[in-house]
Amino acid sequence: MSETARMILDGQEYEFPVITGSENEKAIDISKLRGSTGYITMDPGFKNTGSTQSGITYLDGENGVLRYRGYAIEDLAEKASFIEVAYLLIYGDLPNKEQLEYFSDSVTRHTIVHENMKRFFDAFPLGAHPMGMLSSMVASLSTFYPESQNPNRDITDIDLTIHRLIAKLPTLAAQAYKHNVGLPTMYPKNNLSYVGNFMHMMWGVPAEDYEIDPIVESALNKLFILHADHEQNCSTSTVRVVGSSQANLYSSVSAGVSALWGPLHGGANQAVIEMLEAIRAEGSPLQSWIDRAKDKTDSFRLMGFGHRVYKNFDPRARIIKKAADEVLGQLGVNDPVLEIAKQLEEVALNDEYFVQRGLYPNVDFYSGIIYRALGIPTDMFTVMFALGRLPGWIGQWKEMTENREPIGRPRQVYVGATNRAFTGLDAR
Ligand code: ACO
């Protein structure tokens with residue numbers, strides 16, 4: 001007999017089905033709750049709410065487990081290329097040789113963006129934040145490729161849109177950077193790897209040949225993989241909700257870029273470095289920062305600490321911490337900010353407040369340090385996250401579309417003024 005949950009409301013008993021996932025995760029299906037009882041549930045921030053049944057990413061926050069389509073993040077980060085992982089997330093399986101060749105070729109062929117888009121960049125003020133430029137540019141892709149706007153598009157159109165977006169995001173990201181610092185943009189070079197091509201467009205200048213450093217290429221490949229998906233996080237849920245209105249992929253992903261920008265989400269990697277730099281500049285003892293983070297009257301939080309689902313450790317942070325040590329060693333970078341980060345981690349991890357609340361360093365605590373060592377400016381950190389997260393957003397959008405999920409539309413409990421008579425201006 002299938003499991004059910006019983007609820008007693010106003011003396012009446014109701015039964016709701018229990019859903020069990022492939023890793024034995026349990027959920028009470030309350031989709032018929034309002035229809036049968038008139039009640040809704042209240043769950044601000046959706047802390048206990050499952051919005052979908054997904055086959056993409058499995059995450060066990062208590063035990064620090066993260067798998068994409070069943071493959072351990074540790075294996076993928078060590079052994080796969082970012083393009084293989086992108087294929088895995090979007091199409092469900094690791095590609096065979098022919099599939100990988102076809103996918104890489106197609107993604108490589110679409111790297112150039114329309115020349116008219118350059119004029120959009122010209123209109124942004126110098127120093128414009130690259131995340132603001134990126135979300136606008138991604139949304140504007142839909143105007144250049146109108147076939148993406150048809151909600152009844154066939155699978156070939158969807159694939160073309162997906163390949164275009166994966167191909168063009170690094171070009172747009174690098175152009176956003178070049179505009180931010182006032183340097184000439186570089187055209188893609190399609191004989192380079194996906195990551196190598198991004199490096200060329202980011203750091204290359206027309207006057208010189210740019211040589212790809214394999215240490216940097218491999219570190220970026222790993223970072224992109226570690227960020228590639230994280231089930232129903234804020235930006236991914238945004239992509240799914242926007243897409244649920246049948247908005248096209250470009251607009252949905254553009255909304256995801258915006259959601260990622262916030263310092264409580266992807267923007268934390270920038271906020272971490274700014275915090276570490278402030279600690280260094282001020283020279284005050286670390287304990288005073290910890291005390292501020294614990295003080296409920298102070299809005300300061302230790303950036304890079306805590307996570308909605310990881311309450312023991314973030315497996316990505318473990319891999320990144322090791323990678324940070326390796327990359328900094330290989331590049332011969334001696335960054336005092338890394339030292340401060342290590343000391344801060346040590347103090348926080350031994351503090352009752354952080355231990356009790358399960359606040360551990362998250363992926364953003366160390367990613368910023370690697371980006372810094374690789375010569376990526378702080379403003380670009382969240383863009384790097386977006387480049388990594390793209391296949392996850394696409395895979396989740398595709399899954400939502402294929403499942404024909406209903407439009408995302410939560411309810412509320414109204415607590416405002418009750419019915420009152422309109423009064424004319426003279427009487428107010
Ligand atoms: N510093 C100090 N206290 C914290 C921190 C922090 N970084 N994070 C959480 N807390 C405290 C809260 O004040 C709260 O304390 P209380 O129980 O006494 O009220 C408790 O820990 C639980 O925190 P919530 O905010 O309820 O947890 P939630 O799951 O809603 O938030 C979040 C998770 C947003 C990540 C939070 O931990 C945070 O703000 N961290 C700093 C920002 C950050 O690093 N974000 C990146 C997340 S990873 C990613 O997006 C890739």
Side-chain angles (χ1 to χ4, degrees), residues 42-49 57 59 61-62 64 66 68 73 77 131 222-239 256-276 278-279 286-321 324 341 344-371 378 381-393 396:
M42 182 53 67
D43 187 20
F46 314 122
K47 292 192 179 195
N48 306 283
T49 297
T57 288
L59 196 167
E62 278 67 38
L66 176 62
Y68 299 158
I73 188 67
M131 282 298 275
K222 191 174 282 196
L223 281 162
F224 285 169
I225 292 172
L226 290 174
H227 286 89
D229 194 47
H230 212 231
E231 50 119 301
Q232 307 312 316
N233 57 85
C234 175
S235 56
T236 302
S237 298
T238 301
V239 170
V257 173
S258 301
L260 188 74
W261 194 0
L264 296 190
H265 189 14
N269 54 17
Q270 174 170 350
V272 168
I273 290 295
E274 285 165 358
M275 175 188 76
L276 294 173
I279 294 176
L286 286 179
Q287 191 57 46
S288 65
W289 294 86
I290 303 270
D291 292 343
R292 276 192 65 195
K294 290 169 13 181
D295 180 356
K296 298 289 174 203
T297 61
D298 189 330
S299 61
F300 174 75
R301 282 189 164 196
L302 269 197
M303 298 317 285
F305 275 78
H307 197 275
R308 172 55 62 80
V309 285
Y310 293 123
K311 300 299 177 193
N312 270 327
F313 67 93
D314 181 338
R316 303 165 303 170
R318 280 201 175 163
I319 302 173
I320 286 199
K321 185 179 177 182
L344 191 65
E345 183 184 356
E346 178 81 19
V347 180
L349 290 184
N350 289 305
D351 191 294
E352 195 58 16
Y353 173 97
F354 287 86
V355 174
Q356 258 179 12
R357 288 166 180 76
L359 301 171
Y360 293 83
N362 56 47
V363 65
D364 287 327
F365 192 66
Y366 282 103
S367 61
I369 291 165
I370 306 195
Y371 291 144
T378 320
F381 287 3
T382 316
V383 170
M384 303 305 290
F385 192 155
L387 288 174
R389 183 54 54 89
L390 182 65
W393 286 333
Q396 301 269 355

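All of these numbers come straight from a predicted model, not from anything done at the bench. Just so you know, ligand 1 is whichever comes first in the structure, and atom 1 is the first atom listed for that ligand. By convention here, the first residue in the shown sequence is residue 1.
Looking at Arg357 against ligand 1, only its side chain comes within 4.0 Å, counting heavy atoms. Heavy atoms of Val272 found under 4.0 angstrom from ligand 1: none, in either backbone or side chain. With a heavy-atom cut-off of 4.0 Å, Asn362 touches ligand 1 through its side chain alone.
Looking at atom 2 (C) of ligand 1, its nearest protein heavy atom turns out to be Ala293 O, 3.5 Å. With hydrogens left out, the protein atom closest to atom 35 (C) of ligand 1 is Gly306 O, 3.7 Å, a heavy atom. The protein atom (non-hydrogen) at minimum distance from atom 41 (C) of ligand 1 is Phe305 O, 3.4 Å. In this structure, atom 48 (S) of ligand 1 lies nearest to the protein heavy atom His307 CD2, 3.5 Å. In this structure, the protein non-hydrogen atom closest to atom 30 (O) of ligand 1 is Arg308 NH2, 3.0 Å. Nearest protein heavy-atom contact of atom 50 (O) of ligand 1 is His265 ND1, 2.9 Å. Of the protein's heavy atoms, Leu264 O, 3.0 Å lies nearest to atom 45 (N) of ligand 1. With respect to atom 19 (O) of ligand 1, the closest heavy atom belonging to the protein is Lys296 NZ, 3.7 Å.
In this structure, OH on Tyr366 lies 15.0 Å from CG on Asn269, to the nearest 0.5 angstrom.
Near Val363, meaning under 4.0 Å from one of its heavy atoms, ligand 1 places the atoms 51 (C).
In this structure, Phe385 counts as a contact residue of ligand 1, since one of its heavy atoms falls inside 4.0 Å of the ligand. Contact annotation: Gly304 has at least one heavy atom less than 4.0 Å from an atom of ligand 1. For the pair His227 and ligand 1, no heavy-atom separation below 4.0 Å is found. Within the structure, the closest approach of Tyr353 to ligand 1 falls below 4.0 Å when heavy atoms are considered. Ligand 1 is never approached by His230 to a heavy-atom distance shorter than 4.0 Å.
Closest non-hydrogen pair, Leu66 versus Pro315, comes out as CB-CG, 3.9 Å.
Of the polar atoms of Asp364, none of the N or O atoms is found under 3.5 Å from an N or O of ligand 1, judged by distance alone. Taking distance alone, with nitrogen or oxygen atoms compared against 3.5 Å, Leu302 approaches ligand 1 more closely than that limit. Remark: ligand 1 and Arg316 share no N or O pair separated by less than 3.5 Å (distance only, no angle test). For ligand 1, none of its N or O atoms has an N or O atom of Leu359 under 3.5 Å away. Looking at Ala268 next to ligand 1, no N or O pair under 3.5 Å apart turns up. For the pair Met303 and ligand 1, the shortest N or O to N or O distance does not fall below 3.5 Å.
Ring planes of Phe305 and Phe354: perpendicular class, angle over 60° (limits at 30 and 60°).
The closest heavy-atom contact to atom 27 (O) of ligand 1, among the options Arg292, Lys47, Met275, Lys294, comes from Lys47. With atom 6 (C) of ligand 1 as the reference point, the heavy atom nearest to it among Lys311, Gln356, Arg301 is part of Arg301.
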- Walk me through it: do Asp43 and Asn48 pass the test side-chain hydrogen bond (donor to acceptor under 3.5 Å, both in side chains)? CA-CA 7 Å; Asp43 187 20; Asn48 306 283; 3.2 Å; yes
- Task: Could you walk me through whether His307 and Phe365 pass ring pair (Phe, Tyr, Trp, His ring centres under 6.0 Å), step by step?
- Result: CA-CA 11 Å; His307 197 275; Phe365 192 66; over 10 Å; no
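Heavy atoms from other residues, nucleotides or ligands lying under 6.0 Å from CZ of Arg318 number 12 at most. The 12-atom threshold is not exceeded at CZ of Phe46, counting heavy atoms of other residues, nucleotides or ligands nearer than 6.0 Å.
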